[in-house]
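Notes to accompany the following structure.
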Amino acid sequence: QVQLVESGGGLGQPGGSLRLSCAASGVTFSSNRMSWYRQAPGKEREWVAVMTSTGGGTTYADSVKGRFTISRDNAKNTVYLQMNSLRPEDTAVYYCKVIKYNYWGQGTQVTVSS
């Protein structure tokens, strides 16, 4: 069974940075595309970024392009989301996902506020 454990969330300042991590197990991590999603209070869950299995390709939602960077370490079965230039509208619970499977972790809360 696929298990995903997100961490690294917390309170960030507007204009500041946070780095999220997601450790995956129960899956051949290096063979799978990985993505990040987020869900703000009262809103639908939305896709944020995706990375190919080798890390050679990335795609971002327009709302985070140029500010967020997805990366991965296949030796550690971990995907990261570096979040820079944070905005209050980035406040959400962030989730990682193996593209191929419909499993979700518990998410990690990111709150951007001064």
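In this chain, numbering begins with 1 at the start of the sequence shown.
- Remark: side-chain polar atoms of N74 are not paired, donor with acceptor, to backbone N or O of S31 under 3.5 angstrom.
- Counting heavy atoms from C-beta on, the side chains of Q109 and T91 come closer than 4.5 Å.
- The closest side-chain donor-acceptor pair between T78 and D73, if any, does not fall under 3.5 angstrom.
- When only modelled atom types and interatomic distance are considered, Y94 and R38 share a side-chain donor-acceptor pair under 3.5 Å.
- The side-chain heavy atoms of S114 and Q13, taken from C-beta on, include a pair separated by under 4.5 Å.
- Using a 4.5 Å heavy-atom threshold, the side chains of Q106 and Y95 count as separate.
- Applying side chain to side chain contact (heavy atoms under 4.5 Å, CB included) to I70 and the options V79, V64, V50 leaves one that passes, V79.
- In this structure, the side chain of R67 engages the main chain of S85 through a donor-acceptor pair within 3.5 Å.
- In this structure, the side chains of Y103 and V98 stay at 4.5 Å or more apart for every pair of heavy atoms.
- With values rounded to the nearest 0.5 angstrom, F68 atom CZ is found 9.0 Å from L18 atom CG.
- A distance of 6.5 Å separates CZ of R19 from CD of Q82, quoted to the nearest 0.5 Å.
- A cation-pi contact, defined as under 6.0 Å to the ring centre and within 45° of the axis, is absent between R72 and Y80.
- The closest side-chain heavy-atom distance from V110 to M83 is below 4.5 Å.
- The distance from the CG atom of L4 to the OH atom of Y101 is 11.5 Å, given to the nearest 0.5 Å.
- In this structure a side-chain-to-backbone donor-acceptor pair under 3.5 Å is missing from E6 to S21.
- Nearest heavy atom pair, residue V93 against residue G107, reads CG1-CA, 3.8 Å.
- Not a single donor-acceptor pair under 3.5 Å links the side chain of S53 to the backbone N or O of N32.
- In this structure, W47 and T59 have side chains that are in contact, with non-hydrogen atoms separated by less than 4.5 Å.
- With T52 contributing its side chain and G57 its backbone, the two residues share a donor-acceptor pair below 3.5 Å.
- The shortest side-chain heavy-atom distance between L81 and T69 does not fall under the 4.5 Å cut-off.
- Between D90 and R87, none of the side-chain N atoms (NZ, or NE/NH1/NH2) sits under 4.0 Å from a carboxylate O, so this pair counts as no salt bridge.
- If you look at W104 and Y37, their ring centroids are closer than 6.0 Å.
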